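Take a look at the structure set out below.
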Amino acid sequence: MRKKLIVGNWKMNGSLAANAALLESLRQGLAGDCKAGVAVAVPAAYLAQAQAELAGSVIAVAAQDVSQHEAGAYTGELSAAMLQDFGVRYTLVGHSERRQYHGETDAVVALKALAALAKGITPIVCVGETLAEREAGQTEQVVKRQLAAVIQQVGHCVSELVVAYEPVWAIGTGKTASPEQAQAVHAVLRAQLAAASEQAGQMVLLYGGSMNAGNAAQLLAQADIDGGLVGGASLKAADFLSIIAAAQ
Ligand code: PGA
């Protein structure tokens, strides 16, 4: 049985005061026995705050991005070593908003995953098709291409990845992939991972895209869906806690 993992992606939201309140509510809500893994991917400016406020809790700190470079003249970037300094356990790589607005290619995403692994940070590799790609029947081809670039780059460390399937058309739109649609893609990804690693059966595959308190249980009941990458609903403690409860 794979342990479920629920990751909140705050994106560019929050403030010192709002974060303190949200993190405190999450801590309190998870004070009992929590069988699922939980993490929050906070904006980089709040990594220190999250590290301090989540110390001793079951909630891990995650970053939303990492540089592929180790150090040097890369203004505005954050290295994996810097994330490590702040106790970061996971980092998203290749979120569709990074691919779309920051021109991140499959090759760059793969290098980012490698940079994170080199510092002991688990990359959460995001893959997913656009609506046009789905309608053109290219879903499998697109997600396999995106994942293949990472698999090729990280070599024998494949089993240390977390993979998140996030159909672009479902992100922030309120349109969730049906459990069957999501499971079908997860099965494709699991098979691709199995061809690269004997440990694919233990790897954690997340679904993301308008996951909420109402639809989480059905999605999480699918054979190859091991958790969620949750955007909007992770900003409200009650909603995020309900999703975590559905994962236990
Ligand atoms: P959403 O975002 O839950 O708001 O759709 C998910 C994500 O982008 O990770």
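Counting starts at 1 for both ligands and their atoms, in listed order. None of the values given here were measured: they were computed from a predicted structure.
- The N/O atoms of G208, backbone and side chain alike, include none that comes under 3.5 Å of an N/O atom in ligand 1.
- In I171, the parts holding a heavy atom less than 4.0 Å from any atom of ligand 1 are both the side chain and the backbone.
- With sequence neighbours left out, R2 forms a side chain to side chain contact (heavy atoms under 4.5 Å, CB included) with R190, D224, D226.
- Contact annotation: the side chain of Q68 never approaches that of L114 to less than 4.5 Å [non-hydrogen atoms, C-beta and beyond].
- When only non-hydrogen protein atoms are considered, atom 2 (O) of ligand 1 lies nearest to K11 NZ, 3.3 Å.
- Using a 4.5 Å cut-off on side-chain heavy atoms (C-beta onward), W10 and L22 make contact.
- In this structure, atom 4 (O) of ligand 1 lies nearest to the protein heavy atom G232 N, 2.9 Å.
- Under the 4.5 Å side-chain criterion, counting only non-hydrogen atoms from C-beta, L30 is in contact with L241.
- For G172, a nitrogen or oxygen atom sits less than 3.5 Å from a nitrogen or oxygen atom of ligand 1, counting backbone and side chain alike.
- The nearest heavy-atom contact from the protein to atom 9 (O) of ligand 1 is E166 OE2, 2.6 Å.
- The nearest protein atom to atom 3 (O) of ligand 1, hydrogens excluded, is given as G231 N, 2.8 Å; this is a heavy-atom distance.
- Distances shorter than 4.0 angstrom occur between a heavy atom of A170 and an atom of ligand 1.
- Listed by chain and residue number, D65, E104 satisfy the salt bridge (Lys or Arg N to Asp or Glu O under 4.0 Å) test with R98 (two or more places apart in sequence, or in another chain).
- A donor-acceptor contact shorter than 3.5 Å is absent between the side chain of N215 and the backbone of M211.
- The ligand atoms of ligand 1 that sit less than 4.0 angstrom from a heavy atom of H95 are 7 (C), 8 (O), 9 (O).
- Checking each of V61, V7, V40, L5 against Y90 for a side chain to side chain contact (heavy atoms under 4.5 Å, CB included) leaves exactly one that passes, namely L5.
- None of E129, H186, Q183 except one satisfies the side-chain hydrogen bond (donor to acceptor under 3.5 Å, both in side chains) rule with Y165; the exception is E129.
- Close N/O approach between S210 and ligand 1 is found [any backbone or side-chain N/O within under 3.5 Å].
- Neither the backbone nor the side chain of S234 comes within 4.0 Å of ligand 1, counting heavy atoms alone.
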